[in-house]
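Computation of the quantities below employed the complete heavy-atom set of this structure, encompassing side-chain atoms and omitting hydrogens, waters and symmetry-equivalent molecules. Counting convention: from 1, in listed order, for ligands and their atoms alike.
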Amino acid sequence: MTVTILGYAAQSAKAPLAPYQFERRDPREDDVVIDILYCGVCHSDLHQARDDWGFSQYPVVPGHEIVGRVSSVGGKVSKFKPGDLVGVGCMVDSCRECSPCQSGLEQYCEEGCIQTYNGVDRHDHRPTYGGYSRSITCTQDFVLRIPESLDAKAVAPLLCAGITTWSPLIRWGVTKGTKVAVIGLGGLGHMALKLAHALEAEVTLFTRSPGKEADARRLGAHHVVLSTDSQQMEAVKGEFDLIIDTVPYAHDINPYMPALTLDGTLVFVGLLGDIDPTLNTLPMIMGRRSVSGSCIGGIEETQQMLDFCGEHNITSDIEMIRMDEINDAYERLLKSDVKYRFVIDIGTLQA
Ligand code: NAP
Ligand code: ZN
Ligand code: ZN
């Protein structure tokens, strides 16, 4: 048994997104059914709608920054009840038994976590479809509680942009006075600035866009470095304990390596693919510097981030769009023309 749901899908890498009807499973005993209110637009949605990463299975219904209200729950659901304000991020399931899953690192599940869209359900082996749709059905263990004090629209981007930048900040021990830099002021970048600032780090933005300086300071950066200016790059040599690189496409990271301290780390969260141009190891060897990567965050960690945002009144800076504006929004995202996250009002979704 299934229910028919209206959403927006890409039918191929070249096709614009358009209305699409698809089936969601009938709720299982541990499932929560959520009426979706808002869904953030992540650059990963664009990558997968257009098959940039080569593993898209069409049709793709994107969307993994989902906020909505519980409409019904399965018989064994204890954590949520109808009416609760909840979220779903990038994962909807994992094996739950492997060592990473047991350690709250479901995103690194040895069997592969189940992505909210462009994934395959572990039980019925049907494709998963994301939040550009009217409702989603998800096991309670992958549903997040949203602080009611926050603006629900502006919370949506925390479910991916927020947790993806929070997780490396925590993993690399960022605390008062830690020197943190962020490369790229987009959806992830602006959350990284806000979260690092709230953790009382000393925060710097690297940007290639001269016009973003005032915004960066408003969002939490203490310093802004124009990455295209070699003098400004020279001036920050040996400065940073941690650099979080949010840039979605291949770019030269060699100029950033000398900006790390001894034992400093540059963490990729944006680029999924080859480092091009090649990485010179000299600054790594001479300064015991590291290059690493980080994937979203675990469920418990995501809840901690949401609770932290509730306590510190942190949300995303958003521009609301109608569902039928999504194709234009993707074009604008490619031009970095968004301050700083599009959020779809799912109430505007029509066939
Ligand atoms: P976004 O809003 O488009 O922001 C990316 C920013 O990077 C831009 O605003 C721009 O900032 C800079 N940039 C863009 N193209 C560039 C280029 N060619 N060279 C140099 N800088 C460039 O994207 P987002 O939604 O934040 O996502 C960023 C990346 O993270 C995407 O690739 C996405 O797929 C990935 N992601 C990864 C995870 C994970 O788990 N690791 C989770 C979510 C998203 P400036 O104008 O300031 O330079
Ligand atoms: Zn995302
Ligand atoms: Zn697992």
When the ring planes of Tyr256 and His251 are compared, do they come out parallel, tilted or perpendicular, using 30° and 60° as the limits? perpendicular
**Q.** Residues Glu23 and Arg126 bridged, charged N to O under 4.0 Å
**A.** no
Discussion item. Looking at Arg332 and Glu319, is there a salt bridge between them, counting it only when a charged N and a carboxylate O are closer than 4.0 Å?
Written reply: yes
Atom 6 (C) of ligand 1: closest protein heavy atom, distance to 0.1 Å, is Gly186 N, 4.0 Å
Q. Is the distance from the Zn ion (ligand 3) to the nearest N/O/S atom of Cys98 under 2.8 Å?
A. yes
message = Salt bridge check, Asp324 against Arg322: does any charged N sit closer than 4.0 Å to a carboxylate O?
response = yes
Compute the minimum heavy-atom distance from Ala161 to ligand 1 and say whether it is under 4.0 Å. no
Rounded to 10°, the SG/Cys109 to the Zn ion (ligand 3) to SG/Cys101 angle comes out at 100°
Quick note on ligand 1: atoms under 4.0 Å from a heavy atom of Cys42 include exactly 43 (C), 44 (C)
Determine, using ring centers only, whether Phe342 and His43 are less than 6.0 Å apart. no
TODO: Give yes or no for whether the N/O distance cutoff of 3.5 Å, strictly under, is met between Leu185 and ligand 1.
DONE: yes
The option among Lys335, Arg332, Arg208 carrying the non-hydrogen atom nearest to atom 48 (O) of ligand 1 is Arg208
Please state whether the rings of His197 and His222 are parallel, tilted or perpendicular, taking 30° and 60° as the class boundaries.
parallel
Note to self: What I want to find out is whether Arg24 reaches Asp31 closely enough, with some N-O distance under 4.0 Å, to be called a salt bridge.
What the structure shows: no
task: Tell me whether the centres of the aromatic rings in His223 and Phe240 are closer together than 6.0 Å.
output: no
TODO: Report yes if Ile296 has an N/O atom closer than 3.5 Å to an N/O atom of ligand 1; otherwise report no.
DONE: yes
Within the 4.0 Å heavy-atom cut-off, what Leu188 brings close to ligand 1 is both
Under 4.0 Å between heavy atoms, the region of His47 that gets near ligand 1 turns out to be side chain
Does any N or O of ligand 1 fall below 3.5 Å from an N or O anywhere on Gly270, backbone included? yes
Quick note on ligand 1: atoms under 4.0 Å from a heavy atom of Arg341 include exactly 24 (P), 25 (O)
For Lys212, the ligand 1 atoms with a heavy-atom partner under 4.0 Å come out as 9 (O), 11 (O), 45 (P), 46 (O), 47 (O)
of all protein heavy atoms, closest to atom 2 (O) of ligand 1 is Gly187 N, 2.9 Å
Margin query: Please determine whether a side-chain nitrogen of the Lys or Arg among Asp345 and Lys153 lies less than 4.0 Å from a carboxylate oxygen of the Asp or Glu.
Written below: no
For Tyr249, is at least one N or O under 3.5 Å away from an N or O on ligand 1?
-> no
ask   = Do any N or O atoms from the side chain of Thr164 and from the backbone of Ala161 form a donor-acceptor pair under 3.5 angstrom?
value = no
Residue, atom and distance of the protein heavy atom nearest atom 42 (C) of ligand 1 read Thr164 OG1, 3.2 Å
- Message: Under 4.0 Å between a side-chain nitrogen and a carboxylate oxygen: does that hold for Asp51 and Lys14?
- Response: no
Of Val247, Leu334, Val224, the one whose closest heavy atom lies nearest atom 19 (N) of ligand 1 is Val247
Going by distance only, is there an N or O of Cys160 that falls short of 3.5 Å from an N or O of ligand 1?
-> no
Restricting to heavy atoms, the pick from Val269, Val267, Leu272, Leu271 nearest atom 36 (N) of ligand 1 would be Val269
The SG(Cys42)-the Zn ion (ligand 2)-SG(Cys160) angle, to 10°, is 120°
Is any N or O atom of Val338, backbone or side chain, closer than 3.5 Å to an N or O atom of ligand 1? no
Within the 4.0 Å heavy-atom cut-off, what Ser294 brings close to ligand 1 is backbone
Does the residue Gln107 have a heavy-atom contact with ligand 1, meaning some pair of atoms that are separated by less than 4.0 Å?
no
_Check this for me: does any side-chain nitrogen of one of Asp215 and Arg218 sit under 4.0 Å from a carboxylate oxygen of the other?_
yes
Ligand 1 atoms nearer than 4.0 angstrom to some heavy atom of Ser336 are 8 (C), 9 (O), 10 (C)
### Query
Can an N or O of His251 be found at a distance shorter than 3.5 Å from an N or O of ligand 1?
no
| What about Ser44: any of its N or O atoms under 3.5 Å from an N or O on ligand 1? | yes
*asked:* Looking at Lys79 and Asp84, is there a salt bridge between them, counting it only when a charged N and a carboxylate O are closer than 4.0 Å?
replied: no
Just distances here: any N/O of Trp53 and N/O of ligand 1 closer than 3.5 Å?
no
closest protein heavy atom to atom 3 (O) of ligand 1 is His43 ND1, 2.7 Å
Using 4.0 Å as the upper bound for N to carboxylate O, is an ion pair formed by Arg217 and Glu213? yes
Review point. Between Phe22 and Tyr20, how do the two ring planes meet: parallel, tilted or perpendicular, split at 30° and 60°?
Key: parallel
Under 4.0 Å from one or more heavy atoms of Leu333, ligand 1 contributes atoms 2 (O), 3 (O)
Practice item. Taking Asp274 for its side chain and Asp276 for its backbone only, find out whether a donor-acceptor pair lies under 3.5 Å. Key: no
